[in-house]
Amino acid sequence: YQINDRLSLQLNIPYIYRAYQRLVGGVNEKNSLSGLGDVSLHINYVAVRVERDQWGFSWSVTGGVKFPTGSPSFLDEVADPSFPGSDIGGHDLALGSGSYDGDVGTGFNAHWNRLFFSGDYDYAIRSTGHVGYRYANEMSWSAGPGYRLLQNSAYTLSLQFLVTGEYKGLDTLNGVPDSDTGITQVNVGPKLTLALAQGIVASLGVEVPVIQHDTGLQAVSDYRLKAGVMMRF
C-alpha cells in the first residue's frame, strides 16, 4: 500500500511447495509438502530522490517483521535424537521457523538515459523458535548494470546483469551449532523485466553460482530460476 510518494507498506504471504527425495534409516523417502509460510510485513521509505531530464537517483531504506505462521513441524526431527540422520534435514523442509524475526535493508537505483545501475542489501535477524531451534542471521545483496532495450508509452523492456550474494552462519539447537547449515555464495546472471503502463511488472532471471562454500554435507543450488509478476492498482 502506497501511503504517499515516499512511504509504502508491503505484506508478504508466501505459499511454499517443496518436492524432495532423501535416505532416512536406509529407506528412500520421496515426497512433497506444501502450505503457508511465514508471513512478513515491511515498511519502505524513499530517503533520497533526485530526478532530472536525463538522469535520476533514488535511495530507500526498509524494515520489517516476520511472523510464525508457517508450520515448523519438521523441526521436530532435528530435536529428536532417535531420528535417523539425513542429508535433507528438518531445517531444510520446515515451512516456518516458529519465531518472530526482524529484517532491515536498503536499496538504490541510478539511471542515465536508458542506462541504469541498481542494488540492494538485506539483513535478516533471527530469534529462537520451535523446539529451541534458531536459524542463523542471514545477509543477502545484489547489484548490477542494466539497459532499457525498448521504451515507449505502453511498455518498457529492460535487461540487467546481476551479481548476487548471500551469507548465512550456523543454525543452533538450544545453543549448539548445527554444522551443515552455513553457506557463502555468489551468483551471476541476467534478469529480463517487462513493465506495462497498466501497472503490471513481470520479470525472469537466472542465477548461476560462481562461488559456493558450505559448511558440511548439505543441499545447495546448481542454478536458480526466478520469475515474478507484480500488479499495482
Side-chain angles (χ1 to χ4, degrees), residues 1-4 6-20 31-47 59-81 83 86 88-108 119-142 164-185 214-216 218-221 224 226 228-230:
Y1 182 75
Q2 194 77 33
I3 299 173
N4 54 44
R6 289 182 178 266
L7 191 64
S8 62
L9 294 174
Q10 180 173 332
L11 181 68
N12 297 326
I13 307 174
Y15 186 85
I16 302 171
Y17 171 81
R18 291 195 173 109
Y20 65 93
N31 210 336
S32 64
L33 70 153
S34 61
L36 178 70
D38 285 345
V39 172
S40 61
L41 178 65
H42 295 260
I43 185 168
N44 180 78
Y45 178 69
V46 181
W59 171 58
S60 62
V61 292
T62 63
V65 59
K66 182 180 73 64
F67 304 95
T69 54
S71 171
S73 59
F74 266 94
L75 291 177
D76 293 338
E77 297 179 359
V78 184
D80 183 1
F83 186 83
S86 173
I88 307 297
H91 60 273
D92 297 309
L93 300 176
L95 298 177
S97 63
S99 62
Y100 289 89
D101 301 332
D103 184 272
V104 293
T106 185
F108 72 91
D120 60 70
Y121 172 89
D122 185 82
Y123 190 75
I125 306 165
R126 272 56 180 277
S127 63
T128 302
H130 186 63
V131 298
Y133 196 87
R134 179 183 179 275
Y135 286 91
N137 293 351
E138 186 171 0
M139 176 188 71
S140 60
W141 55 269
S142 68
T164 66
E166 61 187 84
Y167 169 78
K168 177 177 173 290
L170 297 180
D171 301 347
T172 58
L173 176 64
N174 297 319
V176 179
D178 190 348
S179 61
D180 63 346
T181 55
I183 192 168
T184 300
Q185 182 164 311
D214 53 70
T215 58
Q218 61 198 80
V220 296
S221 59
R224 295 173 182 170
K226 292 185 175 181
V229 177
M230 181 178 68

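This chain uses plain numbering: 1 for the first residue, then up along the sequence.
Judged purely by atom type and a 3.5 angstrom limit, D80 has no side-chain atom pairing as donor or acceptor with the backbone of E77. Judged purely by atom type and a 3.5 angstrom limit, S127 uses its side chain to pair as donor or acceptor with the backbone of Y100. The closest donor-acceptor contact from the side chain of T69 to the backbone of V39 lies under 3.5 Å. Although no hydrogens or angles enter the test, the distance criterion places a donor-acceptor pair under 3.5 Å between the side chain of N137 and the main chain of R126. Between the side chain of Q218 and the backbone N or O of G216 there is at least one donor-acceptor pair closer than 3.5 Å. Using a distance-only test at 3.5 Å, with no hydrogens or angles considered, a donor-acceptor pair links the side chain of S86 to the main chain of I88. Remark: the backbone N or O of R18 is not paired with any side-chain donor or acceptor of S32 at under 3.5 angstrom.
Residues forming a side chain to side chain donor-acceptor pair (under 3.5 Å) with S34 (at least two apart in sequence, or on another chain): Y15. Under the rule for a side chain to side chain donor-acceptor pair (under 3.5 Å), T128 has no partner lying at least two apart in sequence or in another chain. Partners of R134 under the salt bridge (charged side-chain N to carboxylate O under 4.0 Å, His left out) rule, at least two apart in sequence or in another chain, do not exist in this structure. Partners of T164 according to the side chain to side chain donor-acceptor pair (under 3.5 Å) rule, which considers only residues two or more places apart in sequence or in another chain, are N187. Among residues two or more places apart in sequence or in another chain, the side chain to side chain contact (heavy atoms under 4.5 Å, CB included) test is passed with A47 by Y45, W59.
Between atom NE2 of residue H42 and atom OG1 of residue T62 there is a gap of 7.5 Å, rounded to the nearest 0.5 Å. Within the model, atoms OG of S140 and CG of D120 stand 7.0 Å from one another, a figure rounded to the nearest 0.5 Å. Between atom CG of residue N12 and atom CZ of residue F67 there is a gap of 11.0 Å, rounded to the nearest 0.5 Å. In this structure, CG in N44 is found 8.0 Å from CD in Q2, a value given to the nearest 0.5 Å. Interatomic distance, E166 CD to W141 CH2, rounded to the nearest 0.5 Å: 10.5 Å. Note that the CG atom of L41 and the CG atom of L9 stand 6.0 Å from one another [nearest 0.5 Å].
A94 and P72 get closest at one heavy-atom pair: CB-CA, 4.3 Å. Pairing each heavy atom of S99 with each of G129, the nearest pair is CB-CA, 3.7 Å.
Counting only heavy atoms from C-beta outward, the side chains of D76 and V131 approach each other to under 4.5 Å. Contact of the D103 side chain with the D122 side chain is registered, since non-hydrogen atoms from C-beta on lie closer than 4.5 Å. Counting only heavy atoms from C-beta outward, the side chains of Y20 and L33 approach each other to under 4.5 Å.
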Inset, instruction - Using the side-chain contact (heavy atoms from CB on, under 4.5 Å) rule, take I43 and L7 through it: C-alpha gap first, then chi angles, then the decisive distance, then the call. - result: CA-CA 7 Å; I43 185 168; L7 191 64; 3.8 Å; yes
Inset, instruction - Test H91 against L75 for side-chain contact (heavy atoms from CB on, under 4.5 Å), laying out the working first. - result: CA-CA 6 Å; H91 60 273; L75 291 177; 4.2 Å; yes
Inset, instruction - Apply side-chain hydrogen bond (donor to acceptor under 3.5 Å, both in side chains) to the pair K66 and S97, showing each step before the final yes or no. - result: CA-CA 10 Å; K66 182 180 73 64; S97 63; 3.0 Å; yes
Inset, instruction - For side-chain hydrogen bond (donor to acceptor under 3.5 Å, both in side chains), just list the numbers for Q185 and S221, CA-CA rounded to whole Å, side-chain angles, deciding distance to a tenth of an Å, and then say yes or no. - result: CA-CA 10 Å; Q185 182 164 311; S221 59; 3.3 Å; yes
Please tabulate, for side-chain N and O atoms in residues 174-182, each donor-acceptor pair with protein atoms closer than 3.5 Å (sequence neighbours left out).
{"from": "D178", "atom 1": "OD2", "to": "Y133", "atom 2": "OH", "distance (Å)": "3.4"}
{"from": "T181", "atom 1": "OG1", "to": "D171", "atom 2": "N", "distance (Å)": "2.9"}
{"from": "T181", "atom 1": "OG1", "to": "D178", "atom 2": "O", "distance (Å)": "2.7"}

